[in-house]
Amino acid sequence: MGTIEKFNEHVMATYGRLDIVLDKGSEQNAVGEDGKQYIDFGSGIGTNSLGYCDKDWADAICAQARSIQHTSNYYYTKVQADFAAKLCEATGYSKVFFGNSGAEANECAIKLARKYSFDKYGKDAQRNIIITLVNSFHGRTLATLSATGQEVFHNYFFPFVDGFVNVEANDIDDLKNKLAENKGKVCAVMFEFVQGEGGVCPLTKEFVDAIFAECAKDDILTIADEVQTGVGRTGALLTSQLFGVKPNITTLAKGIAGGVPMGACLADEKCCDVLTKSTHGSTFGGNPLACAGGNVVLDKVTNPDFIKEINRKAELFKSKLAEIDEVEGVDGMGLMLGIRLKTKKAADILVKCAQNGLLILTAKDKLRFLPPLNISDENIEKGMKILKDILDD
Ligand SMILES: *Cc1c(COP(=O)(O)O)cnc(C)c1O
């Protein structure tokens, strides 16, 4: 039995997969089981931030596997302490909770925000509503699905978790109205600076400023879901830096550890001690292999030259996209790009690109690029040539 038949017989069919079996990779190239080469503009949905099997990253993980691969959170490990200190220092946050995914990081943020209000205002105040945005995406667990402001996700799994109210992204009046309607009941506002799964849709500076101004009036926590936008993706360590704001909580995952599972919920001095002993946990959270990978990613991404390169490469992508007739426009920030097409369907283009040796993503009806942060100019040019040939065919 071939890999695909074996797979489909034994793995639940929750994903629409291409008929490609990836076997290995190096730098920004993946290699199929059949030896076919692919340039990767998707990096495992923004997880392989340093590409495939980056030498420093692989060395750190292998060395960690040979010393201690895991221990329960009954004990301490140095690698987790080092990573936590580095992450807090680089981001300006006070403390971190480690999980294994974006959903888990957001689940932690939701619990933290509710407990913050519970501790301060009491159980009877029922100050537990979290405002999230229409078209957002926050994960697949029941709470994070409930937080996700897209009706298509709210099916089958009833009852969903109560306490989420959706506001239209970039609609300041809607934000003010929903806050007024729920006055005294809202504990947090949670948002993505650039809605990723929602179609690579950035928030406006005015709307972000309004969130922070409104929340400050009423002791409402701000939660930035930077699971996709964080760790260099948009051309800064955190996208909040580009908007000039400091959320009380920032969640990270996807690219944070270079392609091993890791999620982080960062909290500022106002709320970093809310989650106390036994109120939250994760067996694998802060796993040493993941922290070893994360240390290498952070060392690179906190280098200003590395960030400059991300922004230069983003410009190179945009200049190449401008040469394609079929491209109507480009949205997004840094190396998180969404491409609007004039006549062709993104889903069809994705398949054709794969057949021609280029891995890309879609988001809603846009093509989406989340390339490795260190992608070479040569691979950008090669990949864009493949894309142009397909789009302008
Ligand atoms: C991918 C994503 C998530 C969910 O992350 P998982 O690791 O799949 O749980 C949450 N929020 C945003 C913004 C994402 O892009």
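Everything numeric here is computed off the predicted structure, so don't read it as measured data. We count ligands from 1, going down the list as the structure has it; atoms in each ligand are counted the same way.
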Compile the donor-acceptor pairs under 3.5 Å between side chains in residues 353-363 and protein atoms, sequence neighbours left out, one pair per line.
| from | atom 1 | to | atom 2 | distance (Å) |
| --- | --- | --- | --- | --- |
| Asn356 | ND2 | Lys352 | O | 2.7 |

With a cut-off of 3.5 Å and sequence neighbours excluded, list every side-chain donor-acceptor pair involving residues 198-212.
| from | atom 1 | to | atom 2 | distance (Å) |
| --- | --- | --- | --- | --- |
| Thr204 | OG1 | Asn170 | OD1 | 3.4 |
| Thr204 | OG1 | Phe207 | N | 3.1 |
| Lys205 | NZ | Asp209 | OD1 | 2.9 |
| Lys205 | NZ | Asp209 | OD2 | 3.1 |
| Lys205 | NZ | Phe243 | O | 3.0 |

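The protein residues lying under 4.0 angstrom from ligand 1, judged by non-hydrogen atoms, are Ser101, Gly102, Ala103, Asn106, Phe137, His138, Gly139, Glu192, Asp225, Val227, Gln228, Lys254.
Between the side chains of Ser94 and Asp268, no donor-acceptor pair of N or O atoms lies under 3.5 Å.
Listed by first and then second residue, the side-chain hydrogen bond (donor to acceptor under 3.5 Å, both in side chains) pairs involving residues 148-160 are Gln150-Lys364 (not counting sequence neighbours).
The aromatic ring centres of Phe160 and Phe158 sit less than 6.0 Å apart.
Nearest heavy-atom pair across Thr77 and Gln80 is OG1-CB, 3.2 Å.
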